[in-house]
Amino acid sequence: MKRFQKSKFVLAILMALMALNPMSLFACSVCYGDPNSSMSKGLVWGIFVLLGVIVAVLGGISTFFVYIAKKSPNETDKV
């Protein structure tokens, strides 16, 4: 059991060192670079495409539930 605790501690130290590595704190070329570069424009278009996909999926799900609600029998139909 003591060996497991020691290896767990060493793993935690290694993960902390990797997280605090100063090279990983530099901004990417999109954030740090020219806002009018093609990479920045591609990032913006990628965000819009992902938002469009989310809206399409949620719209399809809501349309399906509206369709099911309209097809279900109403209380007035039961005689």
Side-chain angles (χ1 to χ4, degrees):
M1 190 70 165
K2 188 104 167 148
R3 185 176 180 185
F4 178 68
Q5 288 177 346
K6 187 182 243 186
S7 64
K8 192 175 173 182
F9 179 73
V10 170
L11 182 64
I13 294 292
L14 286 174
M15 288 180 67
L17 287 174
M18 287 185 348
L20 297 174
N21 183 9
M23 291 301 291
S24 65
L25 299 177
F26 292 141
C28 66
S29 60
V30 173
C31 301
Y32 190 69
D34 181 22
N36 295 325
S37 69
S38 60
M39 188 178 276
S40 296
K41 291 176 184 176
L43 178 71
V44 170
W45 275 106
I47 291 170
F48 285 140
V49 167
L50 288 175
L51 282 173
V53 168
I54 290 171
V55 167
V57 168
L58 290 177
I61 291 171
S62 61
T63 303
F64 171 73
F65 281 115
V66 168
Y67 172 77
I68 293 294
K70 285 186 177 185
K71 283 292 204 176
S72 67
N74 294 333
E75 291 292 324
T76 58
D77 293 343
K78 296 178 183 177
V79 177

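Positions are given from 1 along the sequence.
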Checking S40 side chain against N36 main chain: does a donor-acceptor pair fall under 3.5 Å? no

CH2-CG distance between W45 and L50, expressed to the nearest 0.5 angstrom: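 CG of L50 is found 13.0 Å from CH2 of W45.
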
Atom pair CG (L58) and OG1 (T63), whose distance is rounded to the nearest 0.5 Å: 10.5 Å

Is Y67 reachable from I61 through a run of hydrophobic residues whose side-chain heavy atoms are each under 4.5 Å from the next?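 Linked, I61 and Y67 end up in one cluster.
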
Would a hydrophobic clustering, with Ile, Leu, Val, Met, Phe, Trp and Tyr connected at side-chain separations under 4.5 Å, put I68 with V57?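 Shared cluster, yes.
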
